[in-house]
Every structure is written in C-alpha cells, then in structure tokens.
Amino acid sequence: MLQGALRIALARRERRIGDEHILLALVSRPGVPAEVFAGHGVTHESVSRVLHGGGETKAG
C-alpha cells in the first residue's frame, strides 16, 4: 500500500507522501478496504475529483 502511495505521489510529481496518497492507494487496490470505502461512495475517481479539482463534495 505504501509503495502504491509512493507511485501515486511520484506520478503527480509531488515531493512527499501525504494522507491523500495513502487514501488513493487504499481505494485503488482490490480488497476489503476498497470495498468498505466503495460502500460509502468513496472510489478512486471520487477521491481524485475532490483532491484535484473539478467537483463538489456531497455530505452523507
């Protein structure tokens, strides 16, 4: 998961690994964490949209 977060940060040309990279890595990998997040509407696409612009957030 941390390697995935590093890859995401490097792909975005960012110099640090932050919470957002870890979250993106969690929702990107198949498995229980991604399923739990998806059950609450949190997907790679929705996280990317919120973090990197282009969308409004919805509570709930």
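In this text, all values refer to a predicted model and were calculated from it rather than measured experimentally.
Each of V50, T43, L51 was evaluated against V47; a single residue qualifies, L51, per the side chain to side chain contact (heavy atoms under 4.5 Å, CB included) test.
The shortest non-hydrogen separation linking I17 to A5 is CG2-CB, 3.9 Å. When all heavy atoms are compared, the tightest approach of P33 to L26 is CB-CD2, 4.1 Å. Closest approach of G4 to A25, counting heavy atoms only: C-CB, 4.0 Å.
Every residue was checked against the side-chain hydrogen bond (donor to acceptor under 3.5 Å, both in side chains) condition with S48, not counting sequence neighbours, and none meets it.
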Pairs of donor and acceptor atoms involving the side chains of residues 6-16, under 3.5 Å and at least two apart or interchain, shall be tabulated with distances.
from, atom 1, to, atom 2, distance (Å)
R12, NH1, H52, ND1, 3.4
E14, OE1, H21, NE2, 2.3
R16, NH2, E20, OE2, 3.3

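The salt bridge (charged side-chain N to carboxylate O under 4.0 Å, His left out) contacts involving residues 27-46 comprise nothing, where partners must be two or more places apart or lie in separate chains.
Here V36 sits in one hydrophobic cluster together with V32; the rule is ILVMFWY side chains under 4.5 Å apart, joined directly or through other members.
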